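See structure below.
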Amino acid sequence: MERPALDVLIIGGGMITGDLILPSVYHLQRTGTAGKIRVCALSTAPLRALAGSEDLRAAFPGQGFEAWPALDEPPDRTFPDLYKGALAAARPRQAVVVAVPDQFHHEIVVEALRRDQHVLCVKPLALRYSHAVEIEELARERGLF
């Protein structure tokens with residue numbers, strides 16, 4: 001039985017997203033494993049860099065992502081809670097990749113799980129053992145990865 005492609009929301013638009021995560025997700029999209037790709041960042045500056053990357057365009061012609069915030073927003077304007085709106089807009093049980101500074105992992109991972117999303121997180125998952133346990137329990141309760 002063929003599985004439907006998972007939409008992917010990447011939260012964080014920094015170097016790890018450009019160098020590893022987005023190319024990997026583009027490849028998954030190419031193979032039909034990933035569907036729609038959205039990238040949410042604090043501001044448009046890193047999103048513009050990703051969208052304008054010659055290396056990514058050459059390696060993945062015709063592929064792109066939906067930017068949160070939209071690329072026409074001023075680069076100096078920040079959107080610290082926009083990821084919550086991006087999570088709210090996602091269909092349940094899709095994939096969220098968390099690639100933000102370590103101190104924000106817990107808050108974002110928990111929010112994604114509460115929104116019924118499967119989560120992959122760059123290391124470390126959490127800065128406190130109690131947070132890791134909370135994340136594990138929440139994921140198990142909801143049948144999420």
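Predicted model, so just to flag it, every value in this text is computed and none were measured.
Looking at R114 and V110, their side chains come closer than 4.5 Å, going by heavy atoms from C-beta outward. When side chains are defined from C-beta on, V97 does not count as touching L9, because their heavy atoms never get closer than 4.5 Å. The shortest distance between side-chain heavy atoms of T44 and P74 does not fall below 4.5 Å.
Expressed to the nearest 0.5 Å, how far CD1 of I10 lies from CH2 of W68 amounts to 14.5 Å. Annotation: the span from S53 atom OG to F60 atom CZ amounts to 10.0 Å, rounded to 0.5 Å. Going from atom NZ of K84 over to atom CD1 of I108 covers 9.5 Å, rounded to the nearest 0.5 Å. Between the CG atom of L22 and the CD1 atom of I16 there is a distance of 12.0 Å, given to the nearest 0.5 Å. The distance from atom CZ of R48 to atom CD of E73, rounded to the nearest 0.5 Å, is 9.0 Å.
No continuous path of ILVMFWY side-chain contacts below 4.5 Å connects L125 to L127, so the two sit in separate hydrophobic clusters. No continuous path of hydrophobic side-chain contacts links I37 to L28 [ILVMFWY only; heavy atoms under 4.5 Å]. The hydrophobic cluster containing V100 also contains Y83, counting ILVMFWY residues as joined when their side-chain heavy atoms lie under 4.5 angstrom apart, directly or transitively. Clustering ILVMFWY residues whenever any of their side-chain heavy atoms sit less than 4.5 angstrom apart, transitively, puts F104 in the very cluster that holds L87. L144 and L6 are members of different hydrophobic clusters when ILVMFWY side chains are connected at heavy-atom separations under 4.5 Å.
Between E66 and K36 there is a salt bridge, with a side-chain nitrogen of the basic residue lying less than 4.0 Å from a carboxylate oxygen of the acidic one. At a threshold of 4.0 Å, the pair R38-D7 does not count as salt-bridged, since none of the basic side-chain nitrogens sits closer than that to a carboxylate oxygen. For the pair E137 and R140, the salt-bridge criterion is not met [side-chain N within less than 4.0 Å of a carboxylate O].
In this structure, the side chain of S24 engages the main chain of L20 through a donor-acceptor pair within 3.5 Å. A donor-acceptor pair under 3.5 Å links the side-chain atoms of H105 to the main chain of P124, judged by distance alone.
When every heavy atom of P69 is checked against every heavy atom of S43, the shortest pair comes out as CG-C, 4.1 Å. Nearest heavy-atom pair, Y26 versus Q63, reported as atom, atom and distance to 0.1 Å: O-NE2, 2.9 Å. The shortest heavy-atom contact between L42 and P80 is CD1-CA, 3.5 Å. Of all the heavy atoms in R115 and A88, the pair that sits closest is NH1-CB, 3.4 Å. Across all non-hydrogen atoms, the minimal contact from H118 to F145 is ND1-N, 3.0 Å. When every heavy atom of V109 is checked against every heavy atom of C121, the shortest pair comes out as CG2-SG, 4.0 Å.
Using bins of under 30°, 30° to 60° and over 60° for the plane-to-plane angle, the ring pair H131/H106 lands in the parallel bin.
With V39 as the fixed residue, the side-chain contact (heavy atoms from CB on, under 4.5 Å) test singles out one of L50, I21, V25, V8: L50. The residue from I11, L120, L113 that alone fulfils the side-chain contact (heavy atoms from CB on, under 4.5 Å) condition with V96 is I11.
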- Item | E134 vs Y129, side-chain hydrogen bond (donor to acceptor under 3.5 Å, both in side chains): CA-CA, chis, key distance, verdict | CA-CA 9 Å; E134 177 189 1; Y129 175 76; over 6 Å; no
